[in-house]
Novice: 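Quick one: the structure is below, questions incoming.
In what follows, chains carry the letters A, B, and so on, assigned in the order in which the sequence lines appear, proteins first and then strands, with residues in each chain numbered from 1.
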Protein chains: 2
Amino acid sequence: MAGVTEPAGQRPYHHGNLRSAILEAAARHLREHGADQLSLRDLAREIGVSHAAPRRHFTDRQALLDALAETGFVQLGGALRTSLAEAGDSFAARVHNAVSAFAHFATENAALLELMNSGKHRPGATRIVDAAEAAFGQMVELIKEGQEHGVLERGDTERIGIILYATVQGITTMVNGGMVDAEKLDELVEAAVEHFLRGARPRVR
Amino acid sequence: MAGVTEPAGQRPYHHGNLRSAILEAAARHLREHGADQLSLRDLAREIGVSHAAPRRHFTDRQALLDALAETGFVQLGGALRTSLAEAGDSFAARVHNAVSAFAHFATENAALLELMNSGKHRPGATRIVDAAEAAFGQMVELIKEGQEHGVLERGDTERIGIILYATVQGITTMVNGGMVDAEKLDELVEAAVEHFLRGARPRVR
DNA sequence: ACATCATTGTTTCCAATGGCTACATTCGAG
DNA sequence: CTCGAATGTAGCCATTGGAAACAATGATGT
């Protein structure tokens with residue numbers, strides 16, 4: 001039944017937390033219809049507010065997309081974090097877990113991922129950059145770990161991290177773009193990790 | 001001076017080859033302003049034709065984007081072809097050349113690349129798929145070459161090709177997205193190739 | 001309590017876009 | 001030379017993002 005503040009199905013003048021409602025709806029639309037089809041007015045209609053209301057929370061369509069990208073990086077960071085927490089001690093297993101987590105996040109949130117690395121965000125969108133670095137930083141940490149354990153070659157840690165990150169990122173892009181069958185994802189991830197570990201292990205002297 | 005068929009600055013009723021004119025203008029706009037900003041009416045205005053004229057050549061905005069993606073794959077294929085033709089005999093050098101060619105094409109045509117692997121094309125866009133496979137096939141051929149020379153491990157050729165392709169693709173995505181400084185491109189490509197060759201070389205028995 | 005100001009929504013308007021239909025001009029095959 | 005097929009044009013519509021002026025609500029200080 002309608003709450004006290006919502007008599008006869010009427011929404012009170014103030015929504016309460018429009019911002020998060022918009023973000024939620026936007027995330028769903030993003031997943032279901034892609035970023036191109038995401039319309040501010042559509043969201044407003046769905047939520048039941050006037051089409052100009054969202055403007056109070058997102059100055060721009062781009063601002064909304066930026067916010068989505070930011071939360072995307074936060075989510076990705078979380079996924080990586082738990083994947084690493086659940087992993088055992090074996091470095092290979094840790095890498096595999098992290099990469100696999102990334103791959104699944106990326107393929108289950110294709111449109112979001114595209115948004116995240118489209119780099120179209122506002123010049124001053126430091127929040128996105130921060131969130132991205134927080135997520136990416138875990139990969140770098142992981143590499144550092146491998147280097148300290150003597151399983152990975154020394155040298156520019158970030159560069160090695162970029163290569164690992166890029167490889168997974170590329171695989172998911174191909175899957176998301178339909179160039180590669182989605183069923184091959186796990187198999188590819190596994191092969192990529194193995195290649196990586198072999199390619200980046202210390203040279204025998 | 002105005003040609004015979006173009007008296008007093010007047011364009012004849014029929015443009016002559018509107019289709020290619022549109023493609024050209026679209027390619028330029030794509031490069032300069034990205035796919036999002038690409039407007040059919042804008043192109044029509046620029047070319048000096050009515051806003052509905054492009055419709056005779058591209059049923060849809062998407063159809064135009066599809067066509068752009070297709071030519072993109074053709075261009076990429078060409079770039080790979082010449083890069084391989086110019087390479088020496090050393091397998092490592094051949095891989096490096098091809099990968100480098102890809103990387104530069106991808107970073108110099110960021111928006112186009114995004115379009116190419118966005119996978120948003122029409123379900124029945126076989127031409128795109130064909131063009132893509134023609135380009136991608138060269139990578140697979142290259143891998144096969146390495147396998148026959150005993151420089152790369154045997155096993156699923158396509159899978160190995162995908163990993164190589166994905167790695168470069170990922171690197172360029174990061175560069176294009178601003179996550180990585182563009183100046184690091186060559187250095188990254190080199191490292192990636194080296195990692196790849198070490199990671200995919202035959203295991204000693 | 002109450003006046004006042006900042007938030008948050010609403011309404012109304014505008015320009016631009018993609019897309020559609022009916023119509024005009026030109027080209028080319030028979 | 002005629003007539004149908006291509007190719008362009010003009011005008012219309014719905015939708016969108018965005019801006020401005022106005023309305024309702026919430027919060028704050030006295």
Side-chain angles (χ1 to χ4, degrees), chain A residues 3-26 29-30 32-69 111 115 118 120-122, chain B residues 3-26 29-30 32-69 111 115 118 120-122:
Chain A
V4 181
T5 56
E6 206 172 312
Q10 308 254 6
R11 193 181 34 75
Y13 192 87
H14 285 277
H15 176 285
N17 53 351
L18 227 203
R19 184 184 165 92
S20 34
I22 293 174
L23 278 174
E24 241 178 273
H29 272 192
L30 184 62
E32 291 170 7
H33 309 290
D36 292 348
Q37 301 299 322
L38 206 162
S39 146
L40 288 179
R41 289 170 113 100
D42 213 14
L43 297 179
R45 262 190 299 274
E46 185 175 314
I47 296 175
V49 304
S50 82
H51 70 263
R55 207 153 159 36
R56 295 283 178 210
H57 304 274
F58 304 96
T59 59
D60 231 22
R61 189 185 120 99
Q62 186 57 48
L64 172 57
L65 297 181
D66 283 4
L68 286 173
L115 212 56
S118 78
K120 290 193 180 97
H121 28 269
R122 289 270 161 45
Chain B
V4 182
T5 57
E6 205 171 311
Q10 309 252 6
R11 196 181 33 74
Y13 192 86
H14 285 277
H15 176 285
N17 52 352
L18 225 202
R19 185 186 165 92
S20 35
I22 293 175
L23 278 174
E24 242 177 273
H29 273 221
L30 183 62
E32 291 169 9
H33 309 289
D36 291 349
Q37 302 299 322
L38 206 161
S39 145
L40 287 178
R41 288 168 112 100
D42 214 14
L43 297 179
R45 262 191 298 274
E46 184 175 315
I47 297 176
V49 72
S50 86
H51 71 263
R55 209 162 158 39
R56 295 287 179 208
H57 302 275
F58 304 97
T59 59
D60 234 16
R61 189 185 121 100
Q62 187 57 47
L64 172 58
L65 297 182
D66 283 5
L68 286 172
L115 213 56
S118 76
K120 288 192 183 96
H121 25 271
R122 289 272 160 46

Novice: Is B:Arg45 touching bases, backbone alone, or none of the nucleic acid, heavy atoms closer than 4.0 Å?
Specialist: sugar-phosphate
Novice: Side chains of A:Arg19 and A:Ile22, heavy atoms from C-beta outward: is any pair under 4.5 Å?
Specialist: no
Novice: Would you mind reading off the distance between A:Asn17 atom CG and D:dG26 atom P, rounded to a whole angstrom?
Specialist: 14 Å
Novice: Return the value, rounded to whole Å, for the distance between atom CD1 of A:Ile22 and atom C1' of C:dT8.
Specialist: 11 Å
Novice: Could you state the CG-P distance from B:Leu18 to C:dT25, rounded to the nearest angstrom?
Specialist: 18 Å
Novice: Taking atom P of C:dG19 as reference, at what distance in whole Å does atom CZ of B:Arg56 sit?
Specialist: 15 Å
Novice: Check every strand shown and say whether B:Leu43 touches a base, only sugar-phosphate, or nothing at a heavy-atom separation below 4.0 Å.
Specialist: nothing
Novice: May I have the distance from B:Asp36 (atom CG) to D:dG17 (atom C1'), rounded to whole angstrom?
Specialist: 14 Å
Novice: Starting the side chain at C-beta, find the nucleotide from D:dA10, C:dC13, C:dT8 nearest to A:His57.
Specialist: C:dT8
Novice: Check whether the side chain of B:Arg61 and the base of C:dG19 form a donor-acceptor pair under 3.5 Å.
Specialist: no
Novice: Can you list the residues that meet the side chain to side chain contact (heavy atoms under 4.5 Å, CB included) rule with B:Ser50, with sequence neighbours excluded?
Specialist: B:Ala52, B:Ala53
Novice: Listing request: all ring pair (Phe, Tyr, Trp, His ring centres under 6.0 Å) pairs with a residue in residues 41-69 of chain A, at least two apart in sequence or in separate chains.
Specialist: none
Novice: Need one value for B:Leu38: base, sugar-phosphate or nothing, where a base atom within 4.0 Å counts as base even if backbone is also close, heavy atoms only.
Specialist: sugar-phosphate
Novice: Whole angstroms only, please: what is the CG-C1' distance between B:Asp42 and C:dA16?
Specialist: 10 Å
Novice: Using heavy atoms to find the nearest nucleotide of DNA chain C for A:Arg41 and A:Ser50 separately, return the residue whose nucleotide is more 5′.
Specialist: A:Ser50
Novice: With a 6.0 Å cut-off (strictly less than), is the heavy-atom count around CD of A:Gln62, excluding the residue itself, greater than 12?
Specialist: yes
Novice: Just how far, in rounded Å, is P of C:dT7 from CZ of A:Arg19?
Specialist: 15 Å
Novice: Are any non-hydrogen side-chain atoms of A:Leu38 and A:Arg61 less than 4.5 angstrom apart?
Specialist: yes
Novice: Any idea which of D:dG18, D:dG8, C:dG18 is nearest the A:His51 side chain?
Specialist: D:dG18
Novice: I need the CG-P distance between B:Leu40 and D:dG8, as an integer number of Å.
Specialist: 14 Å
Novice: Are A:Ser39 and D:dG17 close enough that a side-chain N or O sits under 4.0 Å from OP1 or OP2?
Specialist: yes
